[in-house]
There are 2 protein chains.
Amino acid sequence: MKKDDRKFDILYSIIRDYIKTAEPVGSRTIEKKYNIGISSATIRNEMADLEEMGYLLQPHTSSGRIPSDKAYRLYVDRFMKRVDVDNYIRDDVRSLYNRYFGELEEIMNKTAQILTKLTNLTSLVSTPNITGLNIRDLRLIHIEDERVLLVVITKQGIVKNGEMRLNGIPTEQMLEHVANFLNLCLTDMQTEFSAATFAASIDALSPWEQKILAQVVEAIKTLFNQEEDIRFISNGVTEIFRYPEFRNDMDKTKRFLEAIHRNDLLSYLFTAMDDEPVRVRIGEENEVEQFSDCSVISATYKLNGRPVGTIGVVGPTRMDYDYCVSVIETLTDELTEHLTESIGGKED
Amino acid sequence: MKKDDRKFDILYSIIRDYIKTAEPVGSRTIEKKYNIGISSATIRNEMADLEEMGYLLQPHTSSGRIPSDKAYRLYVDRFMKRVDVDNYIRDDVRSLYNRYFGELEEIMNKTAQILTKLTNLTSLVSTPNITGLNIRDLRLIHIEDERVLLVVITKQGIVKNGEMRLNGIPTEQMLEHVANFLNLCLTDMQTEFSAATFAASIDALSPWEQKILAQVVEAIKTLFNQEEDIRFISNGVTEIFRYPEFRNDMDKTKRFLEAIHRNDLLSYLFTAMDDEPVRVRIGEENEVEQFSDCSVISATYKLNGRPVGTIGVVGPTRMDYDYCVSVIETLTDELTEHLTESIGGKED
DNA sequence: GTTAGCACTCTCTTTCGGTGAGTGCTAATC
DNA sequence: GATTAGCACTCACCGAAAGAGAGTGCTAAC
């Protein structure tokens, strides 16, 4: 085990060095920059072993080594240390969040911006996908002619609205009737309801109102189902040009940029909303082939203890995992806290 | 003039050829591919003249010529022909617009998508920036605790809403009072109003309600002023990789991609909302330095005859101006028509 | 087990003709 | 006088060859 310790000391040094320089690391570099106290020849032997074990790769026979995905995995699982994110950053984030109270879109935007600014990586934020909501209040506001604004307030304190267009021009009264009817029926009801639910008392409404009802029900469904395709807010997609392994490889850059603009791939990348606090996917571990030379760090933020969305960064596999994981953790915490404070808290 | 005709025939051929191939055009190419009926030697002489006149550039002494910005400008001003956009495309666009009736965001998104699909260029759409609105109806909906949803419907049929947070918890009645008060005062009033306007009848409200009023007024202001920074929806930013002059030049690509993600530069690019139906900016003509090796075609779409936003494409200067201008024209028409039909028409 | 030494490997850079597309100029032709 | 054929010249592009440099693996000595 003593011997293995040395091996992994060397591996650790190689990883740190490669993360910093993006250049294959040779045995002499290790000998000189990190004083492990053994000669380059010995280090060479160890490196050969590490290569055999699958932790190192050699771009060509006479070059230094670079860490493999497996090495990064080991690094993340075994060697990674949390880094303290400066307190003033936390404060900045909080005051920013407070400035945009209630403006969900803006909050997500700013989160992505901060994430990129701190990590120098492309950041992604999925807009909250909140399912299983219970409607508390529903309003129908007449705009003009056939146009009606549907406003839904959920028990969880989420407000959604959308414009709908009826087949005819309603009176204020009709809309009020329908809204009242629905408010009575829907209390405590999930947003996914069946038409059958209304059968009982539907006769209270006039035929015209019943028609409106049907359309409103349809509108509610689309309002709450549009989340099926999650939207992503991205920031700093051109940060990728910072990294020589991309800057010197047009194909790689092209592949990255094309993928990062594809919503379908991003959803795939962020699918699993599991309970791991922070998830790290390294290179080939990514389900999405296009990101197989990237690493993705992501975490789910929550509302009332329930995961509703994901934030993360994407970048070269040789990213600074210690720091990035810490940043993501911090921001996820802050975001969760802010959301719960600003729109949560009323759940039954 | 006869002689000049021939010169410009040659110039025209060179431009067409270069647009298609992205390769410098030589005199023999012109002689063979475009039968002007004169020998390459004569063409060479004419080309030398055209270069002297500033219409052609020579990447190096012994290469063919490429058109200068000035040549494209001449082309656009003098030679460009409108191309008929297929009818089925018009139909597609219309049916698409009808499917997303009222969903402004989605409409803009789809417009950008179509634009890219048709032109193979990066497309940009600015969200409508509608000023000088008159409020017709205003609602205050209690969400929970201090949270209130403000819904404003304008005479022009535009609906805007935003969440606000009061300093205390209001009753339904208070909100109704304030809303009614504002509705009375605001009818026929611009969204930019002064606090003084209310002085007259404000005593009808309780002190608490007056406080709420002040906050609502503030909220209305931000709701209608947030347009100051116009948002852009872009699509197909990676189309740039199609074009060898970018694909083979990482710096150029980097500059382009960095610029296309910067909102401030895009606003600059799209500032002038003049009455030209379609605007073409070629290379150095662009006020934005970062786009000096690109051309921008843009047009303003309107609501009730008033320009409210811009759509456009950005790409290499050797783009197919005839086709792209026609496409932009068509889409602008359709968008204007759709908007006016769906939310306009009620203006006094 | 460790290390010094050395031959070897392989990339990267530079150099150097060769090729080919295209030009400008001159002299002949219409 | 305009047009064209002919020709020398230019310059990017390509591939081969040579040299440098970083790093390795192996062997033999410590």
Side-chain angles (χ1 to χ4, degrees), chain A residues 1-11 13-15 17-18 20-53 55-68 244-245 247-250, chain B residues 1-11 13-15 17-18 20-53 55-68 244-245 247-250:
Chain A
M1 203 58 187
K2 198 93 205 182
K3 227 166 54 191
D4 272 14
D5 274 3
R6 191 179 68 181
K7 241 188 211 20
F8 290 121
D9 272 1
I10 292 171
L11 181 57
S13 301
I14 294 173
I15 294 176
D17 200 77
Y18 186 69
K20 212 190 293 175
T21 64
E23 296 287 333
V25 187
S27 53
R28 290 212 54 198
T29 312
I30 298 297
E31 185 188 18
K32 282 197 286 185
K33 289 215 299 202
Y34 309 84
N35 45 346
I36 308 212
I38 47 179
S39 75
S40 66
T42 312
I43 294 173
R44 258 198 307 282
N45 290 332
E46 298 286 30
M47 279 163 87
D49 288 354
L50 284 165
E51 184 174 355
E52 207 173 340
M53 293 162 79
Y55 290 112
L56 292 178
L57 300 171
Q58 224 173 352
H60 50 266
T61 346
S62 69
S63 79
R65 260 83 170 196
I66 63 175
S68 67
E245 59 268 51
R247 196 175 47 229
N248 300 324
D249 186 338
M250 185 62 90
Chain B
M1 204 56 188
K2 198 93 204 182
K3 229 164 53 192
D4 271 15
D5 274 4
R6 190 180 68 181
K7 241 189 214 17
F8 289 120
D9 272 1
I10 292 170
L11 182 57
S13 301
I14 293 174
I15 295 175
D17 201 77
Y18 186 68
K20 212 189 294 174
T21 64
E23 296 287 335
V25 188
S27 53
R28 291 210 55 198
T29 311
I30 299 296
E31 185 188 19
K32 282 198 284 185
K33 288 215 300 201
Y34 308 83
N35 45 346
I36 308 212
I38 46 179
S39 76
S40 66
T42 312
I43 293 173
R44 259 199 305 283
N45 289 331
E46 298 285 30
M47 280 164 85
D49 289 353
L50 284 165
E51 184 174 355
E52 207 173 340
M53 292 161 78
Y55 289 113
L56 292 178
L57 300 171
Q58 224 174 352
H60 50 267
T61 346
S62 68
S63 78
R65 259 86 170 195
I66 64 175
S68 67
E245 60 268 49
R247 196 175 46 228
N248 300 324
D249 186 337
M250 186 62 91

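In what follows, every chain begins at residue 1, and chains take the letters A, B, ... in the order their sequences are listed.
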Output one line per pair: protein atom, nucleotide atom from nucleotides 25-27 of chain C, and distance, for all N/O pairs under 3.5 Å.
none

For nucleotides 14-19 of chain D, give me every protein contact, N/O to N/O, under 3.5 Å, one pair per line with atom names.
none

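The CE atom of B/M47 sits 9 Å away from the C1' atom of C/dG22 (whole-angstrom rounding). The separation between B/Y18 atom OH and C/dG22 atom C1' is 16 Å, rounded to whole Å. Atoms CD (B/E31) and C1' (D/dT3) sit 12 Å apart, rounded to a whole Å. Across the protein-nucleic acid pair, A/D17 atom CG and D/dG23 atom P stand 10 Å apart, rounded to whole Å. Here C/dT29 presents its C1' atom at 17 Å from CD1 of B/I38, a figure rounded to the nearest Å. The distance between atom CD1 of A/I66 and atom P of D/dG23, rounded to the nearest whole Å, is 14 Å. Between A/I30 atom CD1 and D/dA22 atom P there is a gap of 16 Å when expressed in whole angstrom units. Here D/dC11 presents its C1' atom at 14 Å from CZ of B/R65, a figure rounded to the nearest Å.
Of the side-chain N and O atoms in B/R28, none sit less than 4.0 angstrom from OP1 or OP2 of D/dT4. Taking only side-chain nitrogens and oxygens, A/R6 comes nearer than 4.0 Å to OP1 or OP2 of C/dT2.
Partners of B/N45 under the side-chain hydrogen bond (donor to acceptor under 3.5 Å, both in side chains) rule, at least two apart in sequence or in another chain, do not exist in this structure. B/T61 meets the side-chain hydrogen bond (donor to acceptor under 3.5 Å, both in side chains) test with no other residue; sequence neighbours excluded.
For B/T42, whose side chain is taken as the heavy atoms from C-beta onward, the closest listed nucleotide among C/dT3, D/dT3, C/dG24 is D/dT3. Among the nucleotides C/dT3, C/dG24, D/dT24, the one closest to the side chain of A/S39 is C/dT3.
Of the residues in residues 56-63 of chain A, those placing a heavy atom less than 4.0 Å from an atom of DNA chain C are A/H60, A/T61, A/S62, in numerical order.
Between B/S13 and B/I36, some side-chain heavy-atom pair lies under the 4.5 Å cut-off. Considering only heavy atoms from C-beta on, A/I14 comes within 4.5 Å of A/L56 through its side chain. Residues A/M47 and A/I43 form a side-chain contact, since some pair of their non-hydrogen atoms from C-beta on lies under 4.5 Å apart. Looking at A/D5 and A/D9, their side chains never come closer than 4.5 Å, going by heavy atoms from C-beta outward.
B/S40 comes within contact range of no nucleotide atom at all, as no heavy-atom separation falls under 4.0 Å.
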Kindly list each side-chain donor-acceptor pair under 3.5 angstrom involving residues 20-29 of chain A, sequence neighbours excluded, with atom names and distances?
{"residue": "A/T21", "atom": "OG1", "partner": "A/D17", "partner atom": "O", "Å": "3.0"}
{"residue": "A/T21", "atom": "OG1", "partner": "A/E23", "partner atom": "N", "Å": "3.1"}
{"residue": "A/S27", "atom": "OG", "partner": "A/R44", "partner atom": "NH1", "Å": "3.2"}

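With hydrogens and angles ignored, the 3.5 Å screen pairs no side-chain donor or acceptor of A/E46 with any backbone N or O of A/R6. Between the side chain of B/D249 and the main chain of B/E245, no donor-acceptor pair closer than 3.5 Å is present.
Expressed to the nearest 0.5 Å, how far OG of B/S68 lies from CE of B/M53 amounts to 10.5 Å. A distance of 14.0 Å separates OH in B/Y55 from CD1 in B/I10, rounded to the nearest 0.5 Å.
The heavy-atom pair separating A/L50 from A/K7 by the smallest distance is CD1-O, 3.7 Å.
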